[in-house]
Amino acid sequence: MAIFVGIFLILTGLTGIHSIRTVSKVTVEEGGSISIPCFYESEYRDHVKYLCKGCTWDDCTYEIKTNWKKSTKYSVSENKNQGVVTWTINDLTEEDTDCYWCAMEIRQRLDDGKRFNVLVTGKGDATLYVDSQEVTAFIGDQITVDCHYRGSKQIKWCRTGGEGPTSCVKNSGWIDETQVTVNRNTPGVITVTMSELRERSSGRYWCTDEDLQMPVHVTIKERPTTTTTTRQSMTISSTSKPVNHTYVSQEPSTEQTGTHSSSSNHLLSFIIPSYLLILMVDAFIWFMLKRRKSPATAEDEQTVTYSTVTHVRKTTAQQIHSEDEEDVMYSTVFYIAQQNTHQVEDKDENVTYSTVVHR
């Protein structure tokens, strides 16, 4: 069947002219990778796509299909809304230098496909390349792409797709309402700057010298909203209220257990000394209040009551030292507890005399 398909393609020469578009030739260094976009029309939206290796259909071999699993050597991605399938070849070697077909499986008639060439070169010998085939930016920003080339051909920056003609800029201009400036100040490099980016600036571009192309995928996104205000609000809220620690009995994981245990030990080491200090202060205050309520002096704690007081007249010798002074003998002494703190101040009222006898 492959022979008949090949003869048909050669005779008609119409394969992929109107329905499939891709690069014609790319160069890539050995050990690198290359991504090749392949655009198709809406009639092929739900068809199986495949990458076939070989310059003729009779020796063309399937490398990967959209309904196959990815491999380390080949991978494929597809955006049906945009009508593009992208083939990626990794870890390129000299053996990968060949013709490839971007093809569509078509039942009840011949498959449709478009051929392109891959040339794998030594290190530093690629004729046309870029630093990265994937570029992402935000709306309103600008991007810069350096296209490295060898030779004296005029390099252009072009946008391509499944519909409409390819739009190109040599020096400066506009592509789909996006400003493009090409700088050629550095030999062997053209610097492409795309400004005033918008969402519609997303798409497939390439550097080209008419013979070679190097694809670049540009993605423009909306800038994410910042959450600085929310974080500041949360910080103020957390500092304006006291921290309330709540402990829930759970079966935590090993990491959580270690964290909670460490936090509990730290909390206990703070609470226990504080609690002991509070107890000591309470005891001291209680002791001072107790002491203030007690009588002023030990000597005034009791009231003395005397009964049967006997006076004994002194001898003559004793009277010499203290004239007319009499000795008093007390007996039957009673101690009465003090009832009022005012009694301490008036000691004379606390003595009661009875049965006083002079001798």
Side-chain angles (χ1 to χ4, degrees), residues 1-120 132-134 160-163 202-206 212-219:
M1 177 180 178
I3 297 176
F4 292 107
V5 172
I7 295 174
F8 176 81
L9 295 177
I10 293 173
L11 293 177
T12 61
L14 299 176
T15 303
I17 290 179
H18 301 292
S19 57
I20 301 174
R21 301 175 64 183
T22 187
V23 300
S24 58
K25 183 179 181 181
V26 295
T27 59
V28 59
E29 292 182 356
E30 186 176 8
S33 63
I34 188 69
S35 294
I36 306 296
C38 181
F39 302 95
Y40 56 84
E41 294 183 357
S42 58
E43 61 179 300
Y44 293 142
R45 173 186 173 91
D46 297 322
H47 287 239
V48 173
K49 291 84 179 174
Y50 61 90
L51 182 67
C52 185
K53 182 180 179 181
C55 290
T56 60
W57 279 97
D58 57 347
D59 62 358
C60 187
T61 58
Y62 294 122
E63 300 298 329
I64 189 171
K65 289 186 176 184
T66 52
N67 58 354
W68 285 6
K69 291 183 179 180
K70 298 179 181 179
S71 65
T72 56
K73 183 69 175 180
Y74 297 96
S75 62
V76 59
S77 63
E78 183 178 14
N79 188 324
K80 291 185 177 182
N81 292 331
Q82 296 179 3
V84 59
V85 57
T86 302
W87 315 103
T88 300
I89 310 174
N90 301 303
D91 299 324
L92 287 160
T93 64
E94 291 183 2
E95 296 179 355
D96 295 316
T97 298
D98 210 329
C99 303
Y100 294 83
W101 293 83
C102 173
M104 313 287 152
E105 275 190 1
I106 303 174
R107 295 180 180 180
Q108 298 178 352
R109 66 184 179 92
L110 298 175
D111 292 350
D112 197 358
K114 178 71 174 180
R115 190 178 72 177
F116 63 91
N117 296 329
V118 175
L119 175 63
V120 181
S132 175
Q133 286 189 267
E134 291 286 340
T160 188
E163 297 180 1
S202 297
R204 305 284 175 165
Y205 297 81
W206 53 46
L212 297 172
Q213 298 83 35
M214 177 51 62
V216 177
H217 183 201
V218 175
T219 303

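Just so you know, residue 1 is the first one in the sequence shown, and it goes up from there.
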**Q** Partners of Thr88 by side chain to side chain donor-acceptor pair (under 3.5 Å), sequence neighbours excluded?
**A**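 By the side chain to side chain donor-acceptor pair (under 3.5 Å) rule, Thr88 matches Ser35.
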
**Q** I need the minimum non-hydrogen distance between Met104 and Cys38, along with the two atoms involved.
**A**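 Where Met104 meets Cys38 most closely, the heavy atoms are CE-SG, 4.3 Å.
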
**Q** Identify the heavy atoms of Val120 and Thr97 that sit nearest to each other, and give their distance.
**A**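 In terms of heavy atoms, the two residues are closest at N-OG1, 3.0 Å.
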
**Q** Once side chain to side chain donor-acceptor pair (under 3.5 Å) is applied, do any residues pair with Glu134, and if so which ones, sequence neighbours excluded?
**A**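 For Glu134 the side chain to side chain donor-acceptor pair (under 3.5 Å) partners, ignoring immediate neighbours, are His217.
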
**Q** Relative to the ring of Phe116, is the ring of Tyr100 parallel (under 30°), tilted (30 to 60°) or perpendicular (over 60°)?
**A**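 Parallel, since the angle between the ring planes stays under 30°.
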
**Q** Does Tyr40 form a side chain to side chain donor-acceptor pair (under 3.5 Å) with Asp112? I'd like the steps, not just the answer.
**A** CA-CA 10 Å; Tyr40 56 84; Asp112 197 358; over 6 Å; no

**Q** Closer than 3.5 angstrom, by distance alone: can the side chain of Trp87 be matched with the main-chain N or O of Tyr74 as a donor-acceptor pair?
**A**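 Side chain of Trp87 to backbone of Tyr74, a donor-acceptor pair under 3.5 Å: no, none is there.
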
**Q** Disulfide (SG to SG under 2.5 Å): which pairs involve residues 72-101, sequence neighbours left out?
**A**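 Found Cys55-Cys99.
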
**Q** Which value, rounded to the nearest 0.5 Å, describes the distance between Thr22 atom OG1 and Gln213 atom CD?
**A**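 So the OG1 of Thr22 and the CD of Gln213 are separated by 8.5 Å.
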
**Q** Output yes when a side-chain donor or acceptor of Thr27 lies under 3.5 Å from a complementary backbone atom of Leu119, and no otherwise.
**A**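 Pair absent, no side-chain N/O of Thr27 close to backbone of Leu119.
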
**Q** Please give me the minimum heavy-atom distance between Ile64 and Lys69, naming the atom from each residue.
**A**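 Here Ile64 and Lys69 meet closest at CD1-O, 4.4 Å.
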
**Q** Okay, side chain of Lys80, backbone of Glu78: is any donor-acceptor separation there less than 3.5 Å?
**A**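 Not a single qualifying donor-acceptor pair exists.
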
